[in-house]
There are 2 protein chains.
Amino acid sequence: MSQPIDRRVPRTEVRARPAGPPTLATVADEAGVSRQTVSNALNNPDLLRPETLERVQEVIERLGYSPNRAARQLRTRSSHLVGLRFEPAQEGTSNALMDRFLHSLVAAASRTGHHVLLFSGDPDDPLDGYDDLLRSTAVDAFVVTDTYAGTPQAGFLKDRDAPFVTFGRPWEDPHADHAWVDVDGAAGARAATRHLLEQGHRRIAWLGWERSSRIGQDRRSGWEETLRAEGLDPTGLGVRVTDNVDAARMATHHVLDDPSVTGFVCASDTLALGVLHALAERRLQPGADVGVVGFDDSAAAQVAWPGLTSVRQPLEDVAVALVHTLHDVLAHRPVAEQGRMLEPSLVVRRSSLRGWTP
Amino acid sequence: MSQPIDRRVPRTEVRARPAGPPTLATVADEAGVSRQTVSNALNNPDLLRPETLERVQEVIERLGYSPNRAARQLRTRSSHLVGLRFEPAQEGTSNALMDRFLHSLVAAASRTGHHVLLFSGDPDDPLDGYDDLLRSTAVDAFVVTDTYAGTPQAGFLKDRDAPFVTFGRPWEDPHADHAWVDVDGAAGARAATRHLLEQGHRRIAWLGWERSSRIGQDRRSGWEETLRAEGLDPTGLGVRVTDNVDAARMATHHVLDDPSVTGFVCASDTLALGVLHALAERRLQPGADVGVVGFDDSAAAQVAWPGLTSVRQPLEDVAVALVHTLHDVLAHRPVAEQGRMLEPSLVVRRSSLRGWTP
DNA sequence: TCGTACGGTTGGATCGTTCCAGACCCGCCC
DNA sequence: GGGCGGGTCTGGAACGATCCAACCGTACGA
């Protein structure tokens with residue numbers, strides 16, 4: 001009878017070069033210290049004697065060691081991932097917000113050692129996808145962006161006490177106690193309207209969305225109160241359409257049948273482009289004949305002829321604020337400000353300037 | 001002396017409801033089976049007796065159990081995450097490709113149980129960010145999108161034998177043996193040029209990028225060979241500028257000083273919008289007077305006046321092909337086709353149609 | 001001299017899953 | 001009746017990190 005071969009590998013002996021990347025144990029062996037010491041070198045360097053720290057760091061550097069995320073995640077219960085449900089921009093609208101925002105978010109998150117995990121979900125179910133990630137403890141927190149009317153995500157996530165921050169204030173429930181960051185749309189519309197007033201326009205129309213859009217209502221209120229503050233009557237100058245170029249184009253023709261109207265403030269760049277289309281069809285010159293201002297400063301606004309003045313959201317700042325807030329939330333620290341409102345700025349191009357010629 | 005309090009918790013006893021989500025052990029206890037059996041119910045259901053399977057599934061459903069991703073990732077060494085380095089679209093260009101592509105990728109990946117992890121990197125170092133994720137075994141594979149001249153990522157990743165697929169063929173090295181998916185830019189330019197020929201144009205200019213852009217050269221070749229096939233001479237009709245509206249606008253004016261030119265095929269929508277600007281300045285009508293075709297069918301093309309004809313990349317199909325290929329690569333299966341070339345399509349709008357009036 | 005406090009370090013246990021080897025039960029065949 | 005094989009299920013070990021309790025000198029004060 002042959003002896004069974006002992007395949008066990010003694011733990012303390014130096015093993016053959018492992019197949020995968022080096023582990024913490026590899027580093028510890030190599031540096032002649034224990035695993036805990038290496039761990040401390042990474043997470044609590046000030047606990048080590050300087051020369052020990054240096055020696056360990058040298059080995060880490062030399063072996064190109066990075067801690068295994070899965071192991072760390074399993075032990076610490078934090079993945080350093082932030083989940084974001086990613087909806088596509090609708091075709092036919094110029095919503096390039098997401099691109100800019102997303103990059104800002106990725107950059108801001110990376111500064112705190114986090115990554116962004118994208119997921120999708122059934123467009124008809126705003127909650128789809130969240131639960132899976134939560135139950136499998138795949139992400140530490142969520143950034144919720146599509147906070148349209150109702151925002152069921154907030155309640156849903158709070159019920160499971162999942163950490164999250166919304167980009168968009170809680171419209172429905174002003175006493176909601178979750179953290180949020182938002183851009184002051186009314187202030188943007190105020191700036192846009194004031195700008196057209198300064199250009200000498202008196203009859204300035206509003207082209208916006210249906211009444212059900214809280215964001216749209218907010219922006220509209222900025223237009224309305226600016227006109228009133230100037231002693232002007234907005235009655236009959238506010239129009240509501242769906243967010244699409246053609247609907248805006250047709251509505252514009254209707255508005256322009258009243259020749260006294262010479263200015264348009266729009267709830268989106270898509271709508272503003274519709275206004276520009278109508279002007280082109282009427283052979284009116286944007287800027288000189290009619291002033292037009294859009295909203296969001298999308299890529300389309302930047303390349304449209306003759307250059308579309310637009311309200312620009314400070315998405316970089318939004319991203320930084322979101323990450324900052326998440327940081328507090330994750331540390332179970334009381335969030336400094338529960339809601340942070342940021343100011344948009346106006347990017348002036350020729351569509352609102354009187355004195356230019358093609 | 002007081003006895004030290006024994007704080008140990010007996011393993012076999014039923015513990016109080018745990019704080020976190022249910023684990024595999026919870027399910028096993030509840031269903032009266034071992035952990036392995038629950039694991040099999042999830043990963044190899046056909047190993048279980050039907051009634052056992054059903055019982056386990058019922059408990060899983062009832063407790064709302066999802067496997068902990070970190071633990072699974074640690075054990076199986078696969079995270080089900082696909083890394084994508086996310087570069088922002090340049091301001092002032094209308095590159096809305098990323099938005100559409102990204103959503104398609106997220107959707108395609110989710111169908112195979114994968115998520116997309118975004119990371120950023122030093123814009124000056126195309127390799128930055130990859131190594132960290134690799135060494136910490138945070139992602140299973142990469143999708144590489146920015147395969148401009150050189151594509152150092154491919155060599156870098158192959159050296160560490162990290163699984164990856166590129167969106168973009170290996171221009172520099174046609175014998176590179178990594179998997180890729182790409183869109184046939186020359187075919188797109190051919191379709192665009194043919195379309196303008198069908199509209200009756202004979203002198204059709206090309207507005208493209210510098211010679212160093214391989215993608216640009218590829219697209220240009222489609223224009224050139226289509227003209228030649230028609231017995232037309234492209235000499236003097238090809239112009240190279242940087243990808244920005246104003247450069248294109250000025251170049252267009254220069255080209256239009258030769259009144260025989262009545263058509264433009266452009267390497268990007270940004271350039272095509274520059275052509276439209278020049279036409280507006282000359283009071284020429286797009287479509288009727290001069291035919292214009294862009295490339296990429298960006299959001300700006302869709303909302304520009306009077307509607308910009310453009311070559312549309314099948315990004316949804318690209319994403320599906322990428323994920324499909326990754327699937328093979330990850331299974332260490334020989335990839336069916338090393339490179340997959342997809343055909344773009346032409347979206348016709350009024351900028352290239354003769355018979356329309358504002 | 002001894003107890004104590006403390007910085008630095010150690011090995012074992014643990015997170016939740018899958019891999020592995022083997023146990024058990026049943027029916028079948030010699 | 002015993003051996004065999006296949007279907008089903010079990011318990012221990014492992015993945016690679018961090019948490020924890022304890023250990024070991026040294027310095028200090030009583």
Side-chain angles (χ1 to χ4, degrees), chain A residues 4-9 11-12 15 18-29 31-56 60 63 65-80 135-138, chain B residues 4-12 15 18-56 60 63 65-80 135-138:
Chain A
I5 300 167
D6 186 353
R7 296 190 180 283
R8 284 172 309 167
V9 178
R11 286 219 62 152
T12 50
R15 278 167 289 182
T23 74
L24 190 137
T26 321
V27 175
D29 280 0
V33 295
S34 71
R35 302 188 322 273
Q36 179 65 40
T37 303
V38 179
S39 178
N40 283 339
L42 293 167
N43 303 319
N44 299 86
D46 48 327
L47 288 183
L48 299 204
R49 197 164 36 192
E51 60 251 41
T52 313
L53 178 60
E54 198 183 344
R55 183 157 42 102
V56 173
I60 288 177
L63 299 184
Y65 167 75
S66 290
N68 181 306
R69 290 183 100 91
R72 179 175 267 186
Q73 177 178 352
L74 176 59
R75 188 61 228 204
T76 64
R77 301 168 167 287
S78 92
S79 61
H80 286 244
R135 289 189 314 195
S136 59
T137 62
Chain B
I5 300 166
D6 186 352
R7 296 190 181 282
R8 283 172 308 167
V9 178
R11 286 221 59 156
T12 50
R15 277 167 290 181
T23 73
L24 192 137
T26 320
V27 175
D29 280 0
E30 192 79 13
V33 296
S34 70
R35 301 186 324 273
Q36 181 64 42
T37 303
V38 179
S39 179
N40 284 338
L42 293 167
N43 304 320
N44 300 85
D46 48 326
L47 288 183
L48 299 204
R49 201 167 33 187
E51 62 251 38
T52 313
L53 178 59
E54 198 183 343
R55 185 158 42 101
V56 173
I60 288 176
L63 298 184
Y65 166 75
S66 290
N68 181 306
R69 290 184 99 95
R72 178 174 269 185
Q73 176 179 351
L74 176 60
R75 188 60 204 165
T76 64
R77 301 169 167 286
S78 93
S79 61
H80 286 247
R135 289 189 315 195
S136 58
T137 63

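Chain naming here is simple, since letters A, B, ... match the order of the sequence lines and numbering starts at 1 in each.
Nearest-nucleotide positions on DNA chain D place B:R55 closer to the 5' end than the other of B:R77 and B:R55.
B:L42 has its side chain within reach of B:I60: a pair of non-hydrogen atoms, C-beta onward, lies under 4.5 Å apart. Taking 4.5 Å as the limit, every side-chain heavy atom of A:R72 sits out of range of all side-chain heavy atoms of A:H80. Side-chain contact between A:T52 and A:R55 is present, with at least one heavy-atom pair separated by less than 4.5 Å. Between A:L24 and A:T26, the closest side-chain pair of non-hydrogen atoms is not below 4.5 Å.
At distances below 3.5 Å, not a single donor-acceptor pair connects side-chain atoms of A:Q73 with backbone N or O atoms of B:R69. Side chain of B:S79 to backbone of B:A138: a donor-acceptor contact under 3.5 angstrom is found. Side-chain N or O atoms of B:N68 include one that pairs as donor or acceptor with a backbone N or O of B:A71 at under 3.5 Å.
Taking 4.0 angstrom as the limit, A:S39 places a side-chain polar atom (N or O) nearer than this to OP1 or OP2 of D:dT18. Taking side-chain N and O atoms only, A:N43 has a distance below 4.0 Å to OP1 or OP2 of D:dT18.
With hydrogens and angles left out, the side chain of B:R75 and the base of C:dT17 share no donor-acceptor pair within 3.5 Å.
One atom, CG of A:N40, and another, C1' of C:dT9, lie 9 Å apart when rounded to the nearest Å. Atom CZ in B:R69 sits about 20 Å away from atom P in D:dG16, given to the nearest Å. Spacing between atom CG of B:L42 and atom P of C:dT18 amounts to 7 Å, rounded to whole angstrom units. Look at CZ on B:R35: it is 9 Å from C1' on C:dT18, rounded to the nearest Å. One atom, CG of A:L74, and another, P of C:dT18, lie 12 Å apart when rounded to the nearest Å. At whole-Å resolution of the value, CG in A:N68 and C1' in D:dT18 are 13 Å apart. Protein atom CG of B:D29 is 11 Å distant from nucleotide atom P of D:dG11, rounded to whole Å. One can place CG of B:L24 at 19 Å from P of D:dC15, the figure rounded to the nearest angstrom.
Residue B:V33 has its side chain nearest to D:dT10 when only D:dG16, D:dT10, C:dG16 are considered. For A:T37, whose side chain is taken as the heavy atoms from C-beta onward, the closest listed nucleotide among D:dG12, C:dT10, D:dG16 is C:dT10. Of the candidate nucleotides C:dT10, D:dA17, D:dA13, D:dA17 has the atom lying nearest to any side-chain atom of A:R72. The listed nucleotides are C:dC19, C:dA13, D:dC9; the one nearest the side chain of B:Q36 is C:dC19.
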Taking N or O atoms only and anything under 3.5 Å, show me the protein contacts with nucleotides 6-8 of chain C, one pair per line.
unit_1	atom_1	unit_2	atom_2	d
C:dG8	OP2	A:L47	O	3.2

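Within the nucleic acid shown, A:S34 comes within 4.0 Å of at least one base atom, counting heavy atoms only.
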